[in-house]
Amino acid sequence: MAEKAFKYVILGGGVAAGYAAREFANQGVNPGELAILSKEAVAPYERPALSKAYLFPEGTARLPGFHVCVGSGGERLLPEWYTEKGISLILNTEVVKADLASKTLTSAAGETFKYQILIIATGSAVIRLSDFGVQGADAKNIFYLREIDDSDKLVEVIKAKKNGKALVVGGGYIGLELSAALRINNIDVSMVYPEPWCMPRLFTADLAGFYEGYYANKGIKIIKGTVATGFGTTENGEVTDVKLKDGRVMEADIVVVGVGGRPLTKLFKGQVEEEKGGIKTDGFFKTSVPDVYAVGDVATFPMKLYNEMRRVEHVDHARKSAEQAVKAIFASEQGNSIVEYDYLPYFYSRAFDLSWQFYGDNVGDSVFFGDSNPTSPTHKFGSYWIKDGKVVGAFLESGTPEENKAIAKVARVQPPALSLDQLATEGITFACKI
C-alpha cells in the first residue's frame with residue numbers, strides 16, 4: 001500500500017482531535033498538511049452527549065447536531081469543514097503500530113502514515129467486566145458507553161425492551177447519568193456499586209446523600225457495598241440476571257457497565273516517558289520525544305495551581321489541552337513563546353432536572369451548605385473544601401451562571417477560609433463576594 005505523508009498527524013478522532021483541528025485552522029495550517037487518523041466512522045463529536053440527550057426519548061440529540069465544537073459554544077465542524085480546510089479526515093482507521101523513532105504509524109489494514117509532528121489524542125478505553133474474569137460478562141445486552149456505536153446499540157435495546165429491567169454497574173459519572181436516562185425511558189432501574197456512596201472520588205457523604213435520595217424518589221433502586229460476580233443468560237445468550245457478591249440475584253434485560261476507563265497508551269510503551277498512568281508532558285504538552293505531543297486523557301501534565309503532575313479525564317481538559325498543544329507547535333515554529341498551561345480542574349454533570357458544577361481540588365476539610373432535602377423544589381446546595389486555611393474547591397448544585405462563575409473564581413483565587421461554621425452559614429454568598 002502507498003505510504004501517506006503529512007506534516008502534522010493527530011492520532012485519535014475524539015473531542016481533543018476536533019478542537020485541535022479547529023486550532024490548526026485558526027493558526028493557518030496549509031491544505032494537505034494535517035491528517036486526523038480515527039478508528040471511528042464519523043467526524044469528531046462532543047462525547048458527553050452520548051450519556052445524556054442521545055438517550056432521551058424526546059428532544060433527542062443526533063449527529064450532525066453535536067459535532068465539535070458546539071459543546072463549548074463554538075462552530076459545528078461538519079465533515080465538509082475538514083474538506084474545505086484541506087484537512088485529511090481519515091476514518092475507520094485503527095492504528096496498530098507507532099514507531100516514534102522513524103515517525104511512522106501503521107494501520108490494521110497495513111497502511112503507513114509518516115508525520116513530522118504527532119499529537120497523541122487516543123483518549124481512553126472502557127474497563128470491561130471481562131477484564132476481571134466475571135462469568136458471563138460477554139452476554140448479549142451488556143453495554144459499555146464510549147463511542148457513538150455503543151449508544152446506538154443501547155437506544156435499540158431500550159426500544160426493544162420497553163418497560164424492561166436494567167441494572168447499572170458502577171456509581172460514578174456514567175452510572176448516574178445512564179441510570180437517569182434509562183429511567184426517563186420508563187425502564188425499571190437498579191444501580192450497584194461497591195463503595196459506601198456514589199461518586200466517591202468527588203462527592204462527600206453529604207453530597208452523595210442528596211443524589212441517592214433523589215434517585216430513589218425517581219424509582220431507582222440503589223444497592224451499595226457489593227459487585228456483580230456473574231450473569232445468567234438465555235439459550236441465545238441474552239442476559240437475564242446479575243449475580244451479586246452478597247448473594248443476591250437481580251433480574252435484568254439490560255446491563256450497563258460504567259466502572260472507569262484506562263488511557264490508551266499501549267502503542268507508545270517503552271518509546272516515551274510515562275508518569276501516573278499517562279504520557280508525561282510539560283506545560284505545552286510536549287512529551288519526552290521531540291515532535292511528539294500528548295493531550296486529553298493520555299497526558300500527565302504539570303498542574304501549575306497545585307504544583308504537581310496530574311492526569312485529568314474530562315472533556316473540558318481534552319478541549320483546552322488540544323488547543324494549547326497546537327498553539328505551542330505554531331509558536332515553536334515561529335520562534336514565539338506562549339504561557340504554560342494553567343488548568344483549573346472542572347467537572348460537571350446533568351441528570352433529570354439536576355445540574356452541578358465543581359471547580360478546584362476536593363482535598364482537606366469539607367463544609368456543606370444549603371438545602372439538600374431530595375424532595376425540595378429548589379435543591380440549591382453545595383460544598384467547599386478547605387486546605388491550609390484556604391478554600392481550594394467548590395461544588396454547587398443548581399447554580400445560576402453567575403453563581404457557577406463565582407465558585408470557579410473561589411477555586412482559582414483560593415481565598416482565606418472563614419470558620420467552617422461561618423462558611424456553612426454563608427454558603428454561596430461567600431463565593432459571590434470574592
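Because the structure is predicted, anything quoted here is derived from the model rather than measured.
With hydrogens and angles disregarded, a donor-acceptor distance shorter than 3.5 Å links the side chain of K114 to the backbone of S102. Using modelled atom types, no side-chain atom of E111 and backbone atom of T93 make a donor-acceptor pair closer than 3.5 Å. A donor-acceptor contact shorter than 3.5 Å is absent between the side chain of N404 and the backbone of P401. At distances below 3.5 Å, not a single donor-acceptor pair connects side-chain atoms of K327 with backbone N or O atoms of I338. At least one donor-acceptor pair under 3.5 Å links the side chain of R47 to the backbone N or O of R146. Of the possible donor and acceptor atoms, one in the side chain of T229 sits under 3.5 Å from a partner among the backbone N and O of K243. Put simply, the side chain of T226 gets close to the backbone of D246: a donor and an acceptor are under 3.5 Å apart. For the pair H379 (side chain) and D371 (backbone), a donor-acceptor distance under 3.5 Å is absent. No donor-acceptor distance shorter than 3.5 angstrom exists from the side chain of S124 to the backbone of G261, with no hydrogens or angles considered. A donor-acceptor pair under 3.5 Å is absent between the side-chain atoms of Y19 and the main chain of S321, judged by distance alone.
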Throw together a table of side-chain donor-acceptor distances under 3.5 angstrom for residues 167-185, partners on residues two or more places apart or in other chains.
from: Y173; atom 1: OH; to: Y348; atom 2: N; distance (Å): 3.3
from: Y173; atom 1: OH; to: Y348; atom 2: O; distance (Å): 3.3
from: E177; atom 1: OE1; to: S51; atom 2: OG; distance (Å): 2.5
from: E177; atom 1: OE1; to: K52; atom 2: NZ; distance (Å): 3.2
from: E177; atom 1: OE2; to: K52; atom 2: NZ; distance (Å): 3.3
from: E177; atom 1: OE2; to: S349; atom 2: OG; distance (Å): 2.6
from: S179; atom 1: OG; to: G175; atom 2: O; distance (Å): 2.7
from: R183; atom 1: NE; to: K218; atom 2: O; distance (Å): 2.8
from: R183; atom 1: NH1; to: I187; atom 2: O; distance (Å): 2.9
from: N185; atom 1: ND2; to: L55; atom 2: O; distance (Å): 2.8
from: N185; atom 1: ND2; to: A181; atom 2: O; distance (Å): 2.8

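In the displayed structure, Q135 atom CD is contacted under 6.0 Å by at most 12 heavy atoms of other residues, nucleotides or ligands. Counting heavy-atom neighbours within 6.0 Å of K245 NZ, excluding the residue itself, gives a total of 12 or less. Within 6.0 Å of atom NZ in K97, 12 or fewer heavy atoms from other residues, nucleotides or ligands are found, so the atom counts as exposed in its surroundings.
Listed by chain and number, the residues in a side chain to side chain contact (heavy atoms under 4.5 Å, CB included) with K405 amount to none (sequence neighbours excluded).
Checked against the 6.0 Å centroid criterion, the rings of F6 and Y115 do not qualify as a close aromatic pair. Aromatic pair F395/F347: centroids not less than 6.0 angstrom apart. Y54 has its ring centre less than 6.0 Å from the ring centre of F66. The six-membered or imidazole ring of F203 lies near that of W356, with a centre-to-centre distance under 6.0 Å.
Scanning both residues, V95 and L267, for their nearest heavy atoms gives O-CD1, 3.7 Å. For Y144 against S130, the heavy-atom pair with the smallest separation is OH-N, 4.4 Å. For the pair G18 and V68, the tightest heavy-atom approach, listed with the atom from each and the gap, is CA-CG2, 3.6 Å. For E403 against C432, the heavy-atom pair with the smallest separation is CG-SG, 4.2 Å. Here the closest non-hydrogen pair linking A21 and W81 is O-CH2, 3.6 Å. The two residues V326 and Q27 come nearest to each other via the heavy atoms CG1-CG, 4.3 Å.
Atom CG of residue D353 and atom OG of residue S398 lie 7.0 Å apart, to the nearest 0.5 angstrom. Considering CD of E274 and CZ of F268, their distance stands at 10.0 Å, rounded to 0.5 Å.
Look at K320 and E23 and you find no salt bridge, because none of the NZ, NE, NH1 or NH2 atoms lies under 4.0 Å from a carboxylate O. One finds a salt bridge joining D291 and K103 here, because a Lys/Arg side-chain nitrogen approaches an Asp/Glu carboxylate oxygen to under 4.0 Å. Under the 4.0 Å criterion applied to side-chain N and carboxylate O atoms, K390 and D388 are not assigned as salt-bridge partners. A salt bridge links E323 to R22: one of the charged nitrogens lies within less than 4.0 Å of a carboxylate oxygen. In summary, R412 and D342 engage in a salt bridge, as defined by a charged side-chain N under 4.0 Å from a carboxylate O.
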The test is salt bridge (charged side-chain N to carboxylate O under 4.0 Å, His left out); show your working for R201 and E313 and say whether it passes.
CA-CA 13 Å; R201 287 201 298 180; E313 294 179 7; 5.0 Å; no

Verdict with reasoning, V256 to L145, per side chain to side chain contact (heavy atoms under 4.5 Å, CB included)
CA-CA 8 Å; V256 184; L145 200 66; 5.6 Å; no

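With hydrogens and angles left out, the side-chain atoms of Y343 and Q324 include no donor and acceptor closer than 3.5 Å.
Contact of the L77 side chain with the C69 side chain is registered, since non-hydrogen atoms from C-beta on lie closer than 4.5 Å.
Residue V292 forms a side chain to side chain contact (heavy atoms under 4.5 Å, CB included) with just one option from I120, I117, V272, and that option is I120.
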